[in-house]
Protein chains: 2
Amino acid sequence: MANRMGYLSCLDTVKPVRDAIEVINGKWKLPIIISVMTGNERFTDIQESIPGITPKVLAKELKDLEQHQLIKRVVVDDYPVKILYKPEPYADTLTPIIDALKGWGLNHRKRIFSKE
Amino acid sequence: MANRMGYLSCLDTVKPVRDAIEVINGKWKLPIIISVMTGNERFTDIQESIPGITPKVLAKELKDLEQHQLIKRVVVDDYPVKILYKPEPYADTLTPIIDALKGWGLNHRKRIFSKE
DNA sequence: TATTTCACTTTCCTTTTGGAAAGCACTATA
DNA sequence: TATAGTGCTTTCCAAAAGGAAAGTGAAATA
């Protein structure tokens, strides 16, 4: 039969998708970005706005997001010193991804509740 | 000063985004869906189309994706038996997410290479 | 008969992620 | 002076993700 064909290459799509996933991977990064873009600036506010997140995880993820220039950590030198987290302009480029995920998640939940 | 205000709620966005992330989490699920949607049907073809994936991980992720009704495992009763993986119609609903991630990843790579 | 292919599974091990709880330095408030 | 809040860090530990390598059973091919 000699029906052995190679696989179909999909690297044109897989590679950039993987690059994106590497930046926003995990349960927490997008929720944190959403919270900061919503206007939460203080560590405790961000923490309270995301149910289930612990300070350890939040601190680590904030550092990651800072490195990728999605948010910035601002130290305000009043007395007492205040620390604020603000979205960088680059964070806005994630909006299409967030919107797509939000739309899908909303629909998925409807689908699940109508089935079972 | 009494400047204590509650945090800003962002659950309207965070909750559906988390629902979506739970389904497509990890490094591998979207690449697998992309490969299957591209037309790769056989286990080995999917494996070869995604650099770095091991058969253990692929087998596990395929089961997860089947459970979420994103792909189906089809046993073709020729001799020898063939096993094919096909996208379910529901997988098409992920296209906006994949496109958004692809676009972002492409731009991100350009950004990184132009900076450093 | 020997090798190869297919679709995995199994074992073992390392890394990553995450959670619970406590602590801490500083400041503010009662 | 005692308590509370802020922005974390530290410790300890469990679970999940992931990788490397080998194996498996059935069937096809050489």
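Only this structure's heavy atoms are used, side chains among them; waters, hydrogens and symmetry mates stay out.
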Legend entry - Out of dC8(D), dA7(C), dG18(D), whichever nucleotide has its closest atom nearest the side chain of R73(A): dC8(D)
Inset, instruction - Grab the CG-P distance between L58(B) and dA20(D) for me, whole Å please. - result: 15 Å
Inset, instruction - Round to a whole Å and report the spacing from CG of D64(B) to C1' of dG18(D). - result: 14 Å
Inset, instruction - Check every atom of dT9(C), dC6(C), dG7(D) against the side chain of F43(A) and return the nucleotide holding the closest atom. - result: dG7(D)
Inset, instruction - On DNA chain C, check which nucleotide each of K29(A) and V81(A) is closest to and give me the residue with the more 5' one. - result: K29(A)
Legend entry - K29(A) and its salt bridge (Lys or Arg N to Asp or Glu O under 4.0 Å) partner, picked from E22(A), E61(A), E66(A): E61(A)
Legend entry - Contact nearer the 5' end of DNA chain D, comparing K27(B) with A59(A): A59(A)
Legend entry - Any T54(B) side-chain nitrogen or oxygen under 4.0 Å from OP1 or OP2 of dG19(D): no
Inset, instruction - Report yes if a side-chain nitrogen or oxygen of W28(A) is closer than 4.0 Å to either non-bridging phosphate oxygen (OP1 or OP2) of dT16(C); otherwise report no. - result: no
Legend entry - Protein-nucleotide distance (R42(A), atom CZ; dC26(C), atom C1'), rounded to Å: 13 Å
Inset, instruction - In whole angstrom, give the distance that lies between atom OH of Y7(A) and atom C1' of dC6(C). - result: 17 Å
Legend entry - Minimum heavy-atom distance S35(B)-I50(B), with the two atoms named: CB-CD1, 4.1 Å
Inset, instruction - Measure the distance from CG on D77(A) to C1' on dC26(C) and round it to the nearest whole Å. - result: 14 Å
Inset, instruction - Taking only Lys NZ, Arg NE, NH1 and NH2, and the carboxylate oxygens of Asp or Glu, determine whether K60(B) and D64(B) approach each other closer than 4.0 Å. - result: yes
Inset, instruction - Go through dA17(D), dT17(C), dG19(C) for me and flag the one nearest to the K60(A) side chain. - result: dT17(C)
Legend entry - N or O in side chain of K63(A) less than 4.0 angstrom from dT9(D) OP1/OP2: yes
Inset, instruction - Spell out, yes or no, whether V36(B) and L84(B) are grouped together once hydrophobic residues are joined by side-chain heavy atoms under 4.5 Å, including indirect joins. - result: no
Inset, instruction - State whether Y85(A) places a side-chain N or O below 4.0 Å from either non-bridging phosphate oxygen (OP1 or OP2) of dT6(D). - result: no
Legend entry - I53(B)-I71(B) co-clustered via ILVMFWY side chain contacts under 4.5 Å: yes
Inset, instruction - Can you tell me the distance, in whole Å, between the CG atom of N25(A) and the C1' atom of dA16(D)? - result: 14 Å
Inset, instruction - With heavy atoms under 4.0 Å as the rule, sort K56(B) into base, sugar-phosphate or nothing. - result: base
Legend entry - Length of the line joining I83(A):CD1 and dA25(C):C1', which is rounded to integer Å: 12 Å
Legend entry - Atom pair distance, as rounded to whole Å: CG in D78(B) and P in dA7(C): 13 Å
Inset, instruction - Give one of base, sugar-phosphate or nothing for P80(A), where a contact means two heavy atoms less than 4.0 Å apart. - result: sugar-phosphate
